A.B. asks: 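Dumping the structure here so I can ask a few things about it.
The sequence lines fix the lettering, A, B, ..., with proteins before strands; numbering per chain opens at 1. Since the model is a prediction, treat every value here as computed from it, not as a measurement.
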Amino acid sequence: MAKLSIEEELRVIKKNVVDLIPEEELIAKLKRSRETGKPLRVKYGADPTRPDLHLGHYVCLKKLKDIQDLGHKIVFIIGDFTGMIGDPSGKSKARPRLSKEEVMENAKTYFEQVGKVLDIEKAEVRYNSEWLGRMTAHDVIELAATYTVSRMLERDDFSKRFKNGIPIYIHEILYPLFQGYDSYAIEADIEAGGTDQTFNFLVGREVQKAFGQEPQIILTVPLLEGTDGKNKMSKSLDNYIGITEPPNEMYGKVMSIPDELVVRYFKLVLYYDESQLKEVEKAMRENPRDTKARLAYEIVRLFHSEDAARRAAAEFDRIFRERQAPSDMPEFAVPPEGKNIVDIIYELGFARSKSEARRIVSQGGAKVDGEKVTNIEAVIVPKEEGSVLKVGKRKFARLVVKNS
RNA sequence: GGAGGGGUACCCAAGCGGCCAAAGGGGCCGGGCUGUAAACCCGGUGGCUCAGCCUUCGGGGGUUCGAAUCCUCCCCCCUCCA
């Protein structure tokens, strides 16, 4: 890659970044890196419990890719040790303890997905049990002595929980310290992550200083809101768009985000620059639907292909604009004498229980060949060429006569 | 260690002997409408062999014709004092 000036390098790094603390130190590090020819070490913590990456992760991975392209070293930390503690950031729910095998398995899936965004071969991968697992009680106390309780309680999550009488466990208090120790162990120059990690990263700086190391730079990227438009994208809230999801699913999920989020997705996921975003804003006012469709198209293209995007768009229009059946749907065998509508819906997995299937039917949510079927006693005998069952807005199946 | 408060369905939160499968909100699901799986409006939301039955209100035991509601033991959480 052509040599950029420090200013240009900094501009690349700063794109779509919320905080860079402190910028002067980064400039100094960049200068020194050029002089010594040693790339900066950029730490990124990987969660070994959730191998499904989504667009929210992508925002940060894309940033890492930018930095990698500038010639710096990305260091992935697999938190196999801290995974047993559970990061207190956000919701606090006890996470299951993972076995070594599970961690390795998750890590494998994780990197398969990360590989879609940046070059794993050029990155360094470390497991934090390597150093945390070797710590003695003495070491832990020494680490714990680098921070105070009141400073720990400055953290937003903690102070809120403390005020609201929600328990905070000691091990959760220790978490940021261990994460900080990781930075020391790998000699991080920069630590990157979402803005919710700011506190942990700051603790990392303190730990590094306490152990006589130059503190890392903190680089945070915005948290992308999920399809609900309110909360940050996360698997547990089920408002996420996974980067490995099939094209049709991905396209549909993008179409389901609130209109207000469209510009933000163009910015954070597609990396549009200011002038492009102005155009998008204008287009959004004039024709929101088509603009959102363009977003969906571009996102599918990014993670799959131009061809997949085209097909996903056509399929979406076919189902939701023209109200037609999809070109491809699961087949369900019905005996010649027919089968009860509720049983069919339940067996297809279109309802979680038979009661739910009954509700769907009686509320008018089931159609066979375009005709509503509201009687839960109805017995369906498919036409000779097959019939189309539609449940809700987007669940379809082809019913065919077959002797079982 | 002492004193108080609390644990209710996917989440938050009412109920405090029968009318409670349990108010209300969120979420989710369905319908209508539409520019989309947007927004908005309406309805539904434990399960089943469904006008009936079975399981649910931290866990066990008990009182009662009858308990989420009363008693008792246990587990867990919070606050204040020490």
A.B. asks: Whole angstroms only, please: what is the CG-P distance between A:N239 and B:C28?
C.D. replies: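 Spelled out: CG on A:N239 to P on B:C28 is 9 Å.
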
A.B. asks: Quickly work out the A:F396 CZ to B:A37 C1' distance and round it to whole Å.
C.D. replies: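 Taking CZ of A:F396 and C1' of B:A37, I get 12 Å after rounding.
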
A.B. asks: If you measure from the C1' atom in B:C70 to the same atom in B:C57, how many Å do you get, rounded?
C.D. replies: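 Their C1' atoms lie roughly 16 Å apart.
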
A.B. asks: Within this structure, what is the CG-to-C1' distance between A:D238 and B:G26, rounded to whole angstrom?
C.D. replies: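 That distance rounds to 15 Å.
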
A.B. asks: To the nearest angstrom, how far is A:Y265 atom OH from B:A38 atom C1'?
C.D. replies: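 It works out to 13 Å between those atoms.
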
A.B. asks: Out of the candidates A:I380, A:I345, A:D369, A:V334, only one should pair with A:L389 under the side-chain contact (heavy atoms from CB on, under 4.5 Å) rule; please name it.
C.D. replies: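 When side-chain contact (heavy atoms from CB on, under 4.5 Å) is applied between A:L389 and each of A:I380, A:I345, A:D369, A:V334, only A:I345 qualifies.
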
A.B. asks: Is the phosphate of B:G30, meaning OP1 or OP2, less than 4.0 Å from a side-chain N or O of A:K395?
C.D. replies: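 Yes, A:K395 has a side-chain N/O under 4.0 Å of OP1/OP2 on B:G30.
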
A.B. asks: Of A:V391 and A:I257, whose closest RNA chain B nucleotide lies nearer the 5' terminus?
C.D. replies: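 Its nearest nucleotide being more 5', the pick is A:V391.
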
A.B. asks: Which of residues 369-377 of chain A have a heavy atom under 4.0 Å from RNA chain B?
C.D. replies: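 Hits under 4.0 Å, by residue number: A:K372.
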
A.B. asks: Kindly state each residue pair satisfying ring pair (Phe, Tyr, Trp, His ring centres under 6.0 Å) with at least one member in residues 44-71 of chain A, sequence neighbours excluded.
C.D. replies: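 For residues 44-71 of chain A: A:Y44-A:F76, A:H54-A:H57, A:Y58-A:F303.
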
A.B. asks: Can you pull out the residues from residues 321-334 of chain A that lie within a 4.0 Å heavy-atom distance of RNA chain B?
C.D. replies: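 Here the set is A:R321, A:R323.
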
A.B. asks: Rounding to the closest angstrom, what is the interatomic distance between B:C76 and B:A82 at atom C1'?
C.D. replies: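 The same atom, C1', in both gives a distance of 23 Å.
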
A.B. asks: Provide the distance between the two P atoms, one in B:A67 and one in B:G60, to the nearest whole Å.
C.D. replies: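 Taking atom P in both B:A67 and B:G60, they lie 15 Å apart.
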
A.B. asks: Check the phosphate of B:U36 against A:K393, side-chain N and O only, distance under 4.0 Å to OP1 or OP2. Yes or no?
C.D. replies: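 Answer no for this pair, as no side-chain N or O of A:K393 is under 4.0 Å from OP1 or OP2.
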
A.B. asks: Does the plane of the ring in A:Y272 sit parallel, tilted or perpendicular to the ring in A:F266? Use 30° and 60° as the thresholds.
C.D. replies: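 Tilted, since the angle between the ring planes falls between 30° and 60°.
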
A.B. asks: What is the per-nucleotide protein-contact pattern of nucleotides 39-49 of chain B, from the 5' end, where B denotes a base atom under 4.0 Å from a protein heavy atom, S denotes such proximity for sugar-phosphate atoms only, and - denotes neither?
C.D. replies: ----BSS-SBS

A.B. asks: Find the partner of B:U79: check Watson-Crick (N1-N3 plus N6-O4 or O6-N4) and G-U wobble (N1-O2, O6-N3) distances, both under 3.5 Å, and reply none if neither fits.
C.D. replies: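 Paired with B:A3.
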
A.B. asks: Quick test: give all pairs of protein nitrogen or oxygen and nucleotides 77-82 of chain B nitrogen or oxygen below 3.5 Å, distance rounded to 0.1 Å.
C.D. replies:
none

A.B. asks: Give a yes or no on whether the ring-centroid distance for A:Y184 and A:Y181 is below 6.0 angstrom.
C.D. replies: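 Yes, close enough.
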
A.B. asks: Heavy-atom count check: over 12 atoms from other residues, nucleotides or ligands less than 6.0 Å from A:K116 NZ?
C.D. replies: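 Correct, the count exceeds 12.
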
A.B. asks: Quick test: give all pairs of protein nitrogen or oxygen and nucleotides 7-10 of chain B nitrogen or oxygen below 3.5 Å, distance rounded to 0.1 Å.
C.D. replies:
none

A.B. asks: Keeping A:K354 on the side-chain end and A:D343 on the backbone end, is there a donor-acceptor pair under 3.5 Å?
C.D. replies: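 No, A:K354 side chain to A:D343 backbone: no donor-acceptor pair under 3.5 Å.
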
A.B. asks: Rounding to an integer number of Å, can you tell me how far A:N287 CG sits from B:G35 C1'?
C.D. replies: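 Taking atom C1' of B:G35 as the reference, CG of A:N287 is at 7 Å.
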
A.B. asks: Any side-chain heavy atom of A:Y127 within less than 4.5 Å of one from A:M104?
C.D. replies: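 Yes, close enough: below the 4.5 Å cut-off.
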
A.B. asks: Expressed in whole Å, how much space separates the P atoms belonging to B:C81 and B:C20?
C.D. replies: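 Straight-line distance between the two P atoms is 43 Å.
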
